[in-house]
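These values consider heavy atoms only, across backbone and side chains, with no hydrogens, waters or symmetry-generated copies. In this text, all values refer to a predicted model and were calculated from it rather than measured experimentally. As the structure lists them, so they are numbered: ligands from 1, and atoms in each ligand from 1.
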Amino acid sequence: MIFMKDATTLEDLRKHEIPERVTIVKGGGDLPKIKVKTDWSVAEIYLLGAHVTGFQKNGEPPILFMSQASQFALGKAIRGGVPIIFPWFGAREGFPSHGFARVTEWEWEGSSAAPDGSVTLRFHLPTAAHAANSPSENVTFVVTVSDQLTMELTVANLSPTENLNFENCLHTYFAISDIAEVEITGLSGTTYIDKVDNFTVKQESAAAIRISSETDRVYLDTSGPVEIHDSRLHRKIRVEKISSTSTVVWNPWVTKAKEMSDFDDDEYKQMVCVEAGNVGQNKVNLAPGKSASLKVILSTA
Ligand code: TA6
């Protein structure tokens, strides 16, 4: 039997199961993991971080990359899948890198199966988790699994008087055949901060971006879709986004890969992160009583 931080048991979570569609099981580190099955696809989500760790369409290789060396422990970030980055992006002195949402166990509020065969799951970030940051915010995450994966992170500013500022990002790790076989399109002509080159501000001149060294770029003021073209898999992964003006592209390459204890040395060849969010100068400034939803739709062709 698994005891959650607030003593919720696996048995308690079974009320959200749907026969042959949604099942709760013990995952890595005995953490609660939800398995989803639709007529088109399968998916996996941990309550830790409301972290989607798997999405695969029938007859296709997985779309999401998961590190074989990932940790699975409360308070630790899972390496791979879709970490939810909130309420800050990157480092913050004395606080968890990339915020606390990904290292917190979320509440599973329910699941539903639609007549069209899609399955939707709803999660809530426990209020206690963000009391220190801002007591007057409500954070939910909704995942819909079908022949595509739709994820929506909603933040509501419950304060009647105060604005709420935050960064958010769905830090998606995509599974690819080989980094040398991949091109990324949809960012040509946009401005980006090159974190590998001393945070220098640059213009993207390439119609199709190829990665051949450590890459860590924050593309700004861009709300269009991005596509990952995998020539060996003959697959195109499309990242559509709504209410997101930043796209981050990341690959740790050789040296950083070796420095990460929860990442195998050669795994940089099998993944690329294309992340949709609102970071840096694109951060969200939410007026009292308002809410903002970051929505991402992943599909393949
Ligand atoms: O999104 C890219 C990035 O911000 C990189 O700078 C790199 O640090 C990566 O995230 C992973 O961060 P993490 O805290 O998960 O090790």
Side-chain angles (χ1 to χ4, degrees), residues 28-29 46 48-53 64-104 151 153 166-176 179 182 184 186-187 190-202 204 209 211 213-220 222 226 228 237 239 241 244-265 267-283 294 296 298:
Y46 278 77
L48 172 62
H51 200 128
V52 181
T53 53
L64 300 179
F65 164 87
M66 268 302 298
S67 171
Q68 296 305 307
S70 179
Q71 309 171 79
F72 291 93
L74 287 178
K76 301 272 185 214
I78 294 172
R79 179 67 70 190
V82 187
I84 296 175
I85 309 302
F86 173 86
W88 58 83
F89 184 89
R92 180 177 282 194
E93 188 72 32
F95 291 92
S97 165
H98 283 329
F100 48 73
R102 65 175 179 166
V103 294
T104 300
M151 300 172 283
L153 178 69
F166 60 88
E167 295 171 292
N168 59 12
C169 189
L170 296 183
H171 191 302
T172 310
Y173 290 71
F174 290 99
I176 53 174
I179 193 70
V182 156
I184 298 169
L187 295 165
T190 58
T191 301
Y192 68 95
I193 297 172
D194 188 341
K195 292 169 75 171
V196 176
D197 184 9
N198 212 13
F199 291 74
T200 307
V201 177
K202 300 178 180 175
E204 184 54 70
I209 299 163
I211 294 177
S213 61
E214 181 187 354
T215 300
D216 193 352
R217 301 175 181 177
V218 179
Y219 289 86
L220 298 166
T222 172
V226 171
I228 302 165
I237 300 174
V239 183
K241 54 183 199 157
S244 158
T245 52
S246 319
T247 294
V248 179
V249 175
W250 179 60
N251 185 289
W253 215 248
V254 178
T255 310
K256 274 275 169 45
K258 285 195 168 67
E259 291 165 7
M260 293 193 292
S261 60
D262 59 350
F263 192 81
D264 284 342
D265 292 358
E267 283 184 329
Y268 72 92
K269 296 175 186 163
Q270 267 73 54
M271 56 71 64
V272 66
C273 285
V274 175
E275 313 161 27
N278 299 284
V279 307
Q281 66 190 61
N282 292 151
K283 68 191 304 176
L294 164 64
V296 174
L298 305 181

Trainee: Tell me whether N168 contacts the main-chain N or O of G277 through its side chain, where contact means a donor paired with an acceptor under 3.5 Å.
Mentor: no
Trainee: Just to verify, what does F72 make a ring pair (Phe, Tyr, Trp, His ring centres under 6.0 Å) with, not counting sequence neighbours?
Mentor: Y46
Trainee: Which residue pairs pass the side chain to side chain donor-acceptor pair (under 3.5 Å) test with at least one member in residues 69-82, sequence neighbours excluded?
Mentor: R79-Y173, R79-D262
Trainee: Report each N/O pair between ligand 1 and the protein that falls under 3.5 Å, naming both atoms.
Mentor:
| from | atom 1 | to | atom 2 | distance (Å) |
| --- | --- | --- | --- | --- |
| ligand 1 | 1 (O) | H171 | NE2 | 2.9 |
| ligand 1 | 1 (O) | E275 | OE1 | 2.8 |
| ligand 1 | 1 (O) | E275 | OE2 | 2.8 |
| ligand 1 | 4 (O) | H98 | NE2 | 3.1 |
| ligand 1 | 6 (O) | D216 | OD2 | 2.5 |
| ligand 1 | 10 (O) | H98 | NE2 | 3.0 |
| ligand 1 | 10 (O) | H171 | NE2 | 3.1 |
| ligand 1 | 14 (O) | S97 | OG | 3.2 |
| ligand 1 | 14 (O) | R102 | NH2 | 2.9 |
| ligand 1 | 15 (O) | R79 | NH1 | 3.0 |
| ligand 1 | 15 (O) | R102 | NH1 | 2.9 |
| ligand 1 | 16 (O) | R79 | NH1 | 3.3 |
| ligand 1 | 16 (O) | R79 | NH2 | 3.0 |

Trainee: Heavy atoms, side chains only, cut-off 4.5 Å: are E214 and P252 in contact?
Mentor: no
Trainee: What donor-acceptor contacts under 3.5 angstrom involve side-chain atoms of residues 93-100, with partners at least two apart or in another chain?
Mentor:
| from | atom 1 | to | atom 2 | distance (Å) |
| --- | --- | --- | --- | --- |
| H98 | ND1 | G90 | N | 2.7 |

Trainee: Less than 4.0 angstrom from a charged side-chain N to a carboxylate O is my criterion; do E167 and K283 meet it?
Mentor: no
